[in-house]
Amino acid sequence: MIDRIIFATENPGKIREVKAILADLGLEVLSLKEAGLTTNVAETGDTFEANAILKVKAVAADDHTIVMADDSGLEVDALGKEPGVYSARYLGEDTSYRVKNQAIIDRLSEKTGLERSARFVCVIAALLPNGNILTARGTIEGVIGYEERGEGGFGYDPIFMVPELGRSTAELTAEEKNAISHRGRALTEMKEKLRGIL
Ligand code: IMP
């Protein structure tokens, strides 16, 4: 019987969101660390789907566990969809998001309005004990702001403005972000797929 999900990430911002969104599935949700596991996977894929699948395949789990992972990132249209699958590594993995965010703002200094369009993309992969892999994709459309705003969320949230709300995703409560975010949407779709087999 499947009774737990191990979510393969070491990113505390992601695991917080994932636990909140998956809570109603009725399964225990553990981070890799909480499960006492580590993984070191090279994200060599050039799509979010390929990388999410690489991440779940890198974890050895028992037959009552679903291994889940996401690969996500920010696509800025005026930058040819950069940083995309390289979002975590943009300007170097150890470079602060203050610096990464400012670099994106600077690169868009000539752009206004919809020329600043961008989206967050998230692909979730789930490896079932029988070896089957399910995937689900979610996106949220927005524009890059002119300055960092807000203290919530993580990563590029302070520069990602949601036009309908007039706020950045770092200015939303966790609940508000999860209800509309790329990760929230992908996980909701994944939950529907899992409900069919659990
Ligand atoms: P991954 O861990 O390889 O999937 O890299 C995802 C990266 O995309 C994160 O480290 C962030 O830079 C960015 N990203 C993904 N989702 C979000 C989000 O919800 N808010 C802000 N940045 C995000």
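Just the heavy atoms: all of them, side chains too, but no hydrogens, waters or symmetry mates, feed the values below. Model, not experiment: these values are computed from the prediction. In each ligand, atom 1 is the first atom listed, and ligand 1 is the first ligand listed.
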Identify the closest protein heavy atom to [atom]: which residue and atom is it, and at what distance?
atom	value
atom 2 (O) of ligand 1	Lys14 NZ, 2.8 Å
atom 20 (N) of ligand 1	Asp157 OD1, 2.9 Å
atom 11 (C) of ligand 1	Tyr97 OH, 3.5 Å
atom 3 (O) of ligand 1	Glu43 OE1, 3.0 Å
atom 6 (C) of ligand 1	Ser72 O, 3.0 Å
atom 13 (C) of ligand 1	Tyr156 CD1, 3.7 Å
atom 19 (O) of ligand 1	Lys177 NZ, 2.8 Å
atom 21 (C) of ligand 1	Phe154 O, 3.0 Å

Using a 4.0 Å heavy-atom threshold (strictly under), name the region of [X] that reaches ligand 1: side chain, backbone, both or neither.
X	result
Arg89	neither
Phe120	side chain
Arg183	side chain

Is it the case that the side chain of [X] and the backbone of [Y] share a donor-acceptor pair, with hydrogens and angles ignored and the cut-off at 3.5 Å?
X	Y	result
Arg116	Val143	no
Asp157	Phe154	yes
Lys55	Met68	no
Lys111	Ser117	no

**Study point:** CA sep, side-chain torsions, deciding dist, call: Gln102, Ile105, side-chain contact (heavy atoms from CB on, under 4.5 Å)
**Key:** CA-CA 5 Å; Gln102 193 56 51; Ile105 292 170; 3.9 Å; yes
Review point. What atoms of ligand 1 come within less than 4.0 Å of a heavy atom belonging to Ala88?
Key: 5 (O), 7 (C), 10 (O)
**Study point:** Taking every non-hydrogen atom, the tightest pair across Pro129 and Thr65
**Key:** CG-O, 3.5 Å
**Study point:** Per atom 8 (O) of ligand 1, closest listed option by heavy atom (Ser87, Gly184, Pro83)
**Key:** Ser87
**Study point:** More than 12 heavy atoms from other groups under 6.0 Å of CZ on Arg98
**Key:** no
Review point. Does Tyr146 OH have over 12 foreign heavy atoms under 6.0 Å away?
Key: yes
Point to revise | Salt bridge flag under 4.0 Å for residues Glu17 and Lys14 | key: no
Review point. With Glu189, which of Lys193, Arg185, Lys191 fulfils salt bridge (Lys or Arg N to Asp or Glu O under 4.0 Å)?
Key: Lys193
Exercise for review: Could you establish whether Ser181 and ligand 1 come within less than 4.0 Å of each other, counting only heavy atoms on the residue side?
Suggested key: no
Review point. Does even one non-hydrogen atom of Lys55 get within less than 4.0 Å of ligand 1?
Key: yes
